[in-house]
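Below: the structure, in structure tokens.
Being a predicted model, the structure only gives us computed values, none of them experimental.
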Amino acid sequence: MLDIAFIRHNTDAVREAIKNKRADVDLDALLAADKERRELLQELEGKRARKNEIAQAIPKATKEDRPGLIEEGKAAKTAIEELEPKLAEIVSRFEDLMLRVPSLPRPEVPVGVGEDDNVEVKKVGSPRAFDFEPKDHVALMDAFGMVAWDGPRKFAGERSYALVGLGALLERAVLNLAIDTLVDRGLTLVTPPVMVRERALVGTGFFPVGKAEAYAITADDLFLVGTSEVPLVSLHCDTTLDLAKLPVRYAGLSPCFRREAGAHGKDTRGLYRVHQFTKVEQVVFCAPDEKVAEEEHYKLLGNAEAILEKLEIPYRVALACTGEIGLGQTRKHEVESWMPGRNAYSETHSCSTLGDFQARRSNIRVRLADGTLGYPYTLNNTAIASPRILIALLENHQNADGSITLPKALVPYMRGMEKLTPA
RNA sequence: GGAGAGAUGACCGAGUGGCCGAAGGUGCAUGACUGGAAAUCAUGUGUACGGGCAACCGUACCGAGGGUUCGAAUCCCUCUCUCUCCGCCA
């Protein structure tokens, strides 16, 4: 969320951001609602002031004056009661619009509409040249019995799967490698709630715009989160953080649930796009300072890269263009891992700075050095997301004989196995 | 799931219809005293929104929302959260 005063004074910049981010919000309607809201608020507050005056006068008034004042008080009350619902209606319209206004992209973010406009900033390793016909992850995993497909798709629905045996062991291994890497680098591991109230999703910017993407537990008014970013940021909702303790850096481990609304029929083969996965996510709260946020951003990116390097997976990093970054994000890097089966770099990580967008919505503040209250900046980045990362891992490390050589760093997490050989 | 108790400012805690944005204490800040400190004394010390160049003014907020009343921290209803007991359970 942006500050309404900022929107009023920087209308052109906000309009530009709406256009470039392809956001769906009527800025003129918002400005009109704001004007209406303030005018009505002034009128209402004037009437309330009068009401308070009368109420204070009554106990001091003489017996004779009292009935008249009480009548006046009743009239004031009626006038207020007429205005209140009108204001409530305008405020609710105003707030709904406010929640749809995007944050402003940082100046370095390229203007563009789609993936093709992202700017590659780095490439590490290079796609492996196979001297045999490489298998895709589905064939590889089937050869090892790593996944159960048919049963889950019958009893749990489309895009369901179960990791089995070596598949499940591999998932555990990459998660643990990621966790250890982050803990070594000073992040605090958190296993948060994954069923949350609507406010957590509004607070982190996923609602109202992305509501169709979340699973709802209607009986209890809860939603399943699509990332632990939601509970980790919400951890500090309604509180004031201590500037001296920032930055706060968390590593969240959780299952993630996504309806993939609007992706029907897309990436249906294998484990690339599934409704439920497990992710280690990094979340940072830092001082509201662009320089500090930038440092933290690249630190998060570096952590993800370190994990990919341990897994010996070739990858590239791209700076996402305005059309590809989310409502609240001011800067986003995508890390794409090489997947031979798709013959493409595919997104496995996403590193974002959100400025004070989430902090405002979640009512998280920080006492600044000058004693005033501000909003901390938040950032997040994937550390590892499984099973998607298993695609890159298996496909890149396969051998002509169908075996898979495990990267050295993963061996201790795989009970000492250096190589997987199909039975 | 059943029964009960509670939620007041940074913290503790008073307050059962108007004099309460809220006593008192602690903490914190500034000043006095001191060689310096402690102690002591004095003053100050919430947030949001709106108006104003500003000083400042207005409104709202005593867990949240609604109601009664001329007037609600205080009375009524609903919800949330915390605690205790019973049941169930990994």
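- Shown for residues 28-41 of chain A: residues whose heavy atoms fall under 4.0 angstrom of RNA chain B, namely Arg37(A), Arg38(A), Leu41(A).
- Rounding to the nearest 0.5 Å gives a distance of 11.5 Å between CG of Leu271(A) and CZ of Arg159(A).
- Interatomic distance, CG of Leu253(A) versus CD1 of Ile179(A), reported as 4.5 Å (0.5 Å rounding).
- Distance Glu43(A) CD to rU59(B) C1': 14 Å, rounded to the nearest Å.
- Mapping Asn52(A) and Arg365(A) onto RNA chain B by nearest heavy atom places Arg365(A) closer to the 5' end of the strand.
- Arg197(A) has a side-chain polar atom (N or O) that falls below the 4.0 Å cut-off from OP1 or OP2 of rC81(B).
- Taking atom C1' on both nucleotides, rA60(B) is separated from rA55(B) by 23 Å, rounded to a whole Å.
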Using a cut-off of under 3.5 Å, enumerate the N/O to N/O pairs linking the protein to nucleotides 9-12 of chain B.
none

Full working for side chain to side chain donor-acceptor pair (under 3.5 Å) between Ser337(A) and Thr348(A): CA-CA 6 Å; Ser337(A) 298; Thr348(A) 50; 2.8 Å; yes
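- The 5' end of RNA chain B is approached more closely, in terms of each residue's nearest nucleotide, by Ala55(A) than by the other of Ala49(A) and Ala55(A).
- For rU47(B), neither phosphate oxygen OP1 nor OP2 lies less than 4.0 angstrom from any side-chain nitrogen or oxygen of Asn363(A).
- Remark: Pro59(A), Ile70(A), Gly73(A), Lys74(A), Lys77(A) in residues 59-78 of chain A come within less than 4.0 Å of RNA chain B through at least one heavy atom.
- Taking atom P in both rC28(B) and rC77(B), the straight-line distance is 43 Å, to the nearest Å.
- Remark: Arg106(A) CZ to Leu319(A) CG distance equals 12.0 Å, nearest 0.5 Å.
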